[in-house]
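Report on the structure given below.
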Amino acid sequence: MIELLFLIGSMFLVFNWSVVMFSFSMTTMVGVLLMNQNFTSYLDNFFLSSGISSLLIFLSCLLCFLSLIATPEEKSSELYILCLLSLCMALVLAFCSSNLMMFYVFFEISLVPTLILIIGWGYQPERLQAGTYMMLYTVGASLPLLLMILWHCSKMCSMDMLMLHLISPVMGGISGLVIYGAFLVKLPMYGVHLWLPKAHVEAPLAGSMILAGILLKLGGYGMIQMNFCLNMILDKYSFIIISLSMWGGFLATLMCLRQVDVKSLVAYSSVGHMSIVSSGILLDSSWGMMSAIITMIAHGFSSSAMFCLAYFSYKKSHTRNIPYMKGMLQVYPVLSMLWFIFCCVNMACPPTLNLMGEMAIVPVLWDSNLWLAMIMGLMIFFSASYNMYLYTSLNHGSFSSYFLGGFPLKSYCCMTIFAHMFPLIMIMKSSLFNFF
């Protein structure tokens, strides 16, 4: 609840009457939803407080705030600020909801402001197609989940996650595929990932930051919650998903080596990293779950920062095509240094959270199947390859004449990037992730 009060307080700092009225209306809606004689004690039945949800709420609030800082030219638009704040509100409510049906509602509501951001502030006419792809994939995959939730909750006579955990029988098999399907599309898993590169390429900077940094984490968080409240088990169907996910992550890392658009390359690298998250959750061990949570947090900050760098480089070179952006080291050495740091972070160099997340999953995969561990090793190798390819292609060589008319690196750009950098050294406080 503290995060909600912080969010509503930040709305007042905008000095915008439409935003203030929106915050009042959202507060009133939550109040009516929780109407009871003992209002304060009843909040505990609606809001879920755990280490995982607190970390993801922290990630949501921080990235929404940084996306607002990184795009000062759009701050004059009331609808733009309203979209970002409503998206942040939906994400916070999704991460802290203890009611399974309300979690699904806020899980789906978060798509609406994202769609408005892509269509309203996207760059190309193809943004309509990208928005359509995103909605068709995510909503279409989540409708079977809605039917499963309604059927199971009516059978158990409860929608509370803790109560469902206590009274639900063990679930698996085909019903497990239906339940996991919606979240695997949201992650996304390779094979149902085509909406993600399109959405990233067409989305504005704030849309890409929130989409990669937070919205993909809804898929991993949803799988964790389903494991908990529906008592899912590891069976042959889950192992098939794990195998497809790891092999798809390997193919996604290979796809990164042949991308010519910077945003598309970062989007495909997200698919590779999210395959580690899904495998860690489905293997259902303490090390696998810890690896999934650490990878989600680390990827949230590193991918968001790389989209910021791609946008700032685009403002200088007027293109996102990698062959036309070379030679940045001669013209913008500070930006090149930042590219070097975050390419190292993205390839899991020590001492970053990404390394801790990738190393924690290796013993679990080795214990499960030797071939999965070998695929993980190939993913680590090719991850280093495409990050080195990205850095050398952008920064080495003779610079293009397109750079001469670029915008200088502003102070808000450096502040945004360095704010992404500091949480990635939380490996020094790895006890934060010791939930199991």
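As the structure is a computational prediction, the values presented were derived from the model and not from experiment.
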(request) Can you establish whether the number of heavy atoms outside M156 located under 6.0 Å from its atom CE is more than 12? (result) yes
(request) Tell me, with the steps shown, if W339 and S313 meet side chain to side chain donor-acceptor pair (under 3.5 Å). (result) CA-CA 10 Å; W339 268 115; S313 302; 2.9 Å; yes
(request) Would you please test F183 and L145 for side chain to side chain contact (heavy atoms under 4.5 Å, CB included) and show each step? (result) CA-CA 9 Å; F183 303 110; L145 173 66; 3.6 Å; yes
(request) If a pair satisfies salt bridge (charged side-chain N to carboxylate O under 4.0 Å, His left out) and one of its residues is in residues 190-217, list it, with sequence neighbours excluded. (result) none
(request) Mind checking the CG-SG spacing from L230 to C153? Nearest 0.5 Å is all I need. (result) 7.5 Å
(message) F312: which residues meet the ring pair (Phe, Tyr, Trp, His ring centres under 6.0 Å) condition with it, sequence neighbours left out?
(response) none
(message) Quick check on F228: does its CZ atom have over 12 non-hydrogen neighbours (other residues, nucleotides or ligands) under 6.0 Å away?
(response) yes
(message) One pair to check against side chain to side chain contact (heavy atoms under 4.5 Å, CB included): L251 and V271. What are the steps and the verdict?
(response) CA-CA 9 Å; L251 294 179; V271 178; over 6 Å; no
(message) Using the rule given for side chain to side chain contact (heavy atoms under 4.5 Å, CB included), can you reason through L218 versus F95, listing the C-alpha separation, both sets of side-chain angles and the distance that settles it, and then say yes or no?
(response) CA-CA 8 Å; L218 268 176; F95 287 131; 3.7 Å; yes
(message) Nearest 0.5 Å, please: how far is CD1 in I417 from CG in L335?
(response) 8.0 Å
What side-chain donor-acceptor pairs closer than 3.5 Å can you find for residues 361-382, not counting sequence neighbours?
from	atom 1	to	atom 2	distance (Å)
N369	OD1	W371	N	2.9

(request) Check for a donor-acceptor pair, side chain of S285 on one end and backbone N or O of G288 on the other, with a separation under 3.5 Å. (result) yes
(request) For the residue pair T253 and S269, establish whether any side-chain heavy-atom pair is separated by less than 4.5 Å. (result) no
(request) Check whether the ring centres of H193 and Y268 lie less than 6.0 Å apart, and answer yes or no. (result) yes
(request) Determine, step by step, whether F250 and Y190 satisfy the ring pair (Phe, Tyr, Trp, His ring centres under 6.0 Å) criterion, reporting the C-alpha distance in whole Å, the side-chain angles of both residues, the deciding distance to 0.1 Å, and the verdict. (result) CA-CA 9 Å; F250 171 63; Y190 191 87; over 10 Å; no
(request) Enumerate the residue pairs fulfilling salt bridge (charged side-chain N to carboxylate O under 4.0 Å, His left out) with a member in residues 240-262, sequence neighbours excluded, ordered by first and then second residue. (result) D261-R320
(request) Provide the closest heavy-atom pair for L282 versus L234 in the form atom of the first, atom of the second, distance. (result) O-CD1, 3.3 Å
(message) Using every non-hydrogen atom in the two residues, find where F106 and A90 come nearest and quote the distance to one decimal.
(response) CB-O, 3.8 Å
(request) Any side chain to side chain donor-acceptor pair (under 3.5 Å) involving residues 173-186? Give me the pairs, sequence neighbours left out, ordered by first then second residue. (result) Y180-N227
(request) Compare all side-chain heavy atoms of L355 with those of C349 and state whether any distance is below 4.5 angstrom. (result) no
(request) Look up atom CG in L56 and atom SG in C96, then write down how far apart they are to the nearest 0.5 Å. (result) 11.5 Å
(request) Sorted by first residue and then second, give each side chain to side chain donor-acceptor pair (under 3.5 Å) pair with at least one member in residues 413-425; sequence neighbours left out. (result) S304-H420
(request) Spell out, as yes or no, whether a donor-acceptor pair under 3.5 Å connects the side chain of S279 to the backbone of S275. (result) yes
(request) Mind checking ring pair (Phe, Tyr, Trp, His ring centres under 6.0 Å) for Y391 and listing every partner two or more places apart, or none if nothing turns up? (result) F340, H396
(request) Look at atom CZ of F65 and say whether more than 12 heavy atoms of other residues, nucleotides or ligands are closer to it than 6.0 Å. (result) no
(message) With a 4.5 Å cut-off on side-chain heavy atoms, are M134 and I118 touching?
(response) yes
(request) Could you tell me which non-hydrogen atom of A141 sits nearest to which non-hydrogen atom of G181, and how far apart they are? (result) CB-O, 4.2 Å
(request) Might you point out which heavy atoms bring A70 and Y412 nearest each other, and give the distance in Å? (result) O-CE1, 3.6 Å
(message) Any non-hydrogen side-chain atom of L100 less than 4.5 Å from a side-chain atom of M226?
(response) yes
(message) Under 3.5 Å, is there a donor on one side chain and an acceptor on the other for S393 and K326?
(response) no
(message) How close do L265 and C256 get, counting heavy atoms only, and between which atoms?
(response) CD1-O, 3.3 Å
(request) Please collect all side chain to side chain donor-acceptor pair (under 3.5 Å) contacts where either partner lies in residues 235-246, sequence neighbours excluded, each pair once. (result) D235-S238, S245-S278
(message) When you compare the side chains of N231 and S168, does any donor N or O come within less than 3.5 Å of an acceptor on the partner?
(response) no
(request) For the residue pair M223 and L187, establish whether any side-chain heavy-atom pair is separated by less than 4.5 Å. (result) yes
(request) Going by the side-chain contact (heavy atoms from CB on, under 4.5 Å) test, name the single residue among L91, L205, L66, L216 that passes it with I210. (result) L91
(message) Using modelled atom types and a 3.5 Å cut-off, is there a donor and acceptor pairing between side-chain atoms of N346 and backbone atoms of F342?
(response) no
(request) Mind checking side-chain contact (heavy atoms from CB on, under 4.5 Å) for S303 and listing every partner two or more places apart, or none if nothing turns up? (result) A212, S270, H299
(request) Determine yes or no for a side-chain-to-main-chain donor-acceptor pair under 3.5 angstrom, with E108 supplying the side chain and Y104 the backbone. (result) no
(message) Quick one, F103 and M161 - any side-chain contact, counting heavy atoms below 4.5 Å?
(response) yes
(request) Report yes if the side chains of L164 and H152 come closer than 4.5 Å at any heavy-atom pair, otherwise no. (result) yes
(request) Before giving the answer on side chain to side chain contact (heavy atoms under 4.5 Å, CB included), spell out for N387 and C344 the whole-Å C-alpha distance, their side-chain angles and the decisive distance to 0.1 Å. (result) CA-CA 7 Å; N387 280 288; C344 290; over 6 Å; no
(request) Would you kindly say whether E358 and T295 are connected by a side-chain donor-acceptor distance under 3.5 Å? (result) no
(request) Kindly give the heavy-atom pair with the smallest separation between L84 and C64, and that separation in Å. (result) O-SG, 4.4 Å
(request) Report yes or no: does T71 contribute a side-chain atom to a donor-acceptor pair with the main-chain N or O of S67 at less than 3.5 Å? (result) yes
(message) Run the ring pair (Phe, Tyr, Trp, His ring centres under 6.0 Å) test against F418 and tell me which residues pass, sequence neighbours left out.
(response) none
(request) Quick one: list whatever passes side-chain contact (heavy atoms from CB on, under 4.5 Å) with M388, sequence neighbours left out. (result) M347
(message) Would you say that K263 contacts S208 through its side chain, given a criterion of any heavy-atom pair below 4.5 Å between the two side chains?
(response) yes
(message) Going by side-chain contact (heavy atoms from CB on, under 4.5 Å), name the residues that satisfy it together with M135, two or more places apart in sequence or in a different chain.
(response) L111, L115, V139
